[in-house]
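Notes follow the structure.
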Amino acid sequence: MTIKRRRANKMAAASSRWPEGLTLHQQYIGPDLRHHVLDAVVRVLREAPFFTPRMPRWGTPFSVRMTNFGPIGWVSDKSGYRYQATHPETGRPWPPMPPELIALWEEITEYLYPPEAALVNFYGPRARMGLHVDADEEDLDAPILSLSFGCEAVFRIGGRKREDPTVSFRLRDGDVLLMGGKARHCYHGVDRILPGTGELPEVIGAGRINITLRRVTSAG
Ligand code: MD6
Ligand code: FE
């Protein structure tokens, strides 16, 4: 299984469609870190429960539910996408970013400044995320670091234009995806998750958790 997985990954990486600056670290998160991070997610939910983001203007709900850690968090509603310091429903500040996540960011990105937002996405069995580019950050040089837990996801990434050719691969429990360089500006999304392929703590529910760590403001 591992060999097959590595080969698939190599093949994807060798593909001309694999964006420069995209690195998949498969099964990077060991059991201890996994435990700490998922524990932190369970705790965050008591203070900052999942909310349902909505599309700007029309207010169509996302199928993915969200919450955040850190001084600022990403939200979306009829008035648009943005970062803000408080939960859109409780009005309270987001819980602090767990130190383990800051350490992981430093270890993998080697970026000079720490992350300010950790967006936690929960995918139930039927949730997906359409093709998008993350562009609400002021610091667009900073990479985005993405962590996956629970069920497998079919992740797709293309180029700077929506119609550019794409490459797809699975994101599995414990995988860490680094999106830097050119990849930072590429369209990407989650086509679907594969129900029954992974476990999460019962209070979270069945599905997938994705955490993206982001530097938002331009420092210095
Ligand atoms: C997800 N991730 O994996 C959705 N964005 O559930 C993202 O949209 C994403 O994984 C920027 C960088 C990495 C990502
Ligand atoms: Fe994204």
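Everything numeric in this text was worked out from a predicted model, so none of it was measured. Ligands are counted one by one from 1 in listed order, and the atoms in each one are counted from 1 as well. For the numbers below, each heavy atom of this structure counts, side chains included, while hydrogens, waters and symmetry mates do not.
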Within the 3.5 Å criterion, strictly below it, is a donor on Ser148 or Arg208 matched to an acceptor on the partner's side chain? yes
How close does the nearest protein non-hydrogen atom get to atom 11 (C) of ligand 1, and which residue and atom is it? Asp134 OD2, 3.1 Å
Ligand 1 atoms nearer than 4.0 angstrom to some heavy atom of His132 are 8 (O)
Just checking, is any N or O donor in the side chain of Arg214 or Tyr83 under 3.5 Å from an acceptor N or O on the other one? yes
Parallel, tilted or perpendicular: which one describes the rings of Phe51 and His87, with boundaries at 30° and 60°? perpendicular
Go through ligand 1 atom by atom and flag the ones less than 4.0 Å from a non-hydrogen atom of Tyr123. 1 (C), 4 (C), 6 (O)
Nearest to atom 10 (O) of ligand 1, what protein heavy atom do you find, and at what distance? Ser146 OG, 3.0 Å
With distance as the sole test, does His132 use its side chain to make a donor-acceptor pair with the main-chain N or O of His188 at under 3.5 Å? yes
Identify, by atom number and element, the atoms of ligand 1 in contact range of Ile144, meaning under 4.0 Å from any of its heavy atoms. 11 (C), 12 (C), 13 (C)
Which word best sums up how the rings of Phe62 and Trp74 line up, parallel for under 30°, tilted for 30 to 60°, or perpendicular for over 60°? perpendicular
Check Arg54 with Asp77, please: is the shortest side-chain N to carboxylate O separation under 4.0 Å? no
Does anything in residues 102-123 form a salt bridge (Lys or Arg N to Asp or Glu O under 4.0 Å)? List the pairs, not counting sequence neighbours. Glu116-Arg215
Is any side-chain N of the basic residue among Glu100 and Arg34 closer than 4.0 Å to the acidic one's carboxylate O? no
Verify the distance criterion only: is there a donor paired with an acceptor across the side chains of Asn210 and Ser146 at less than 3.5 Å? yes
Element-labelled atoms of ligand 1 that are located less than 4.0 Å from some non-hydrogen atom of Val190: 1 (C), 3 (O), 4 (C), 6 (O)
How many protein N, O or S atoms sit closer than 2.8 Å to the Fe ion (ligand 2)? 3
Starting from atom 2 (N) of ligand 1, find the nearest protein heavy-atom neighbour and note its residue, name and distance. Asn210 OD1, 3.7 Å
For atom 12 (C) of ligand 1, closest protein heavy-atom neighbour: Met179 SD, 3.1 Å
So which bit of Val64 gets within less than 4.0 Å of ligand 1, heavy atoms only: side chain, backbone, both or neither? neither
Going by distance alone, is a donor N or O of one side chain under 3.5 Å from an acceptor N or O of the other, for Ser63 and Arg128? no
Can you tell me if His185 and Asp134 form a side-chain donor-acceptor pair at under 3.5 Å? no
Counting only nitrogen or oxygen atoms and a 3.5 angstrom limit, does His188 reach ligand 1? yes
List every atom of ligand 1 that sits less than 4.0 Å from any heavy atom of Arg208, numbering the atoms from 1 in the order shown and giving each element. 1 (C), 3 (O), 6 (O)
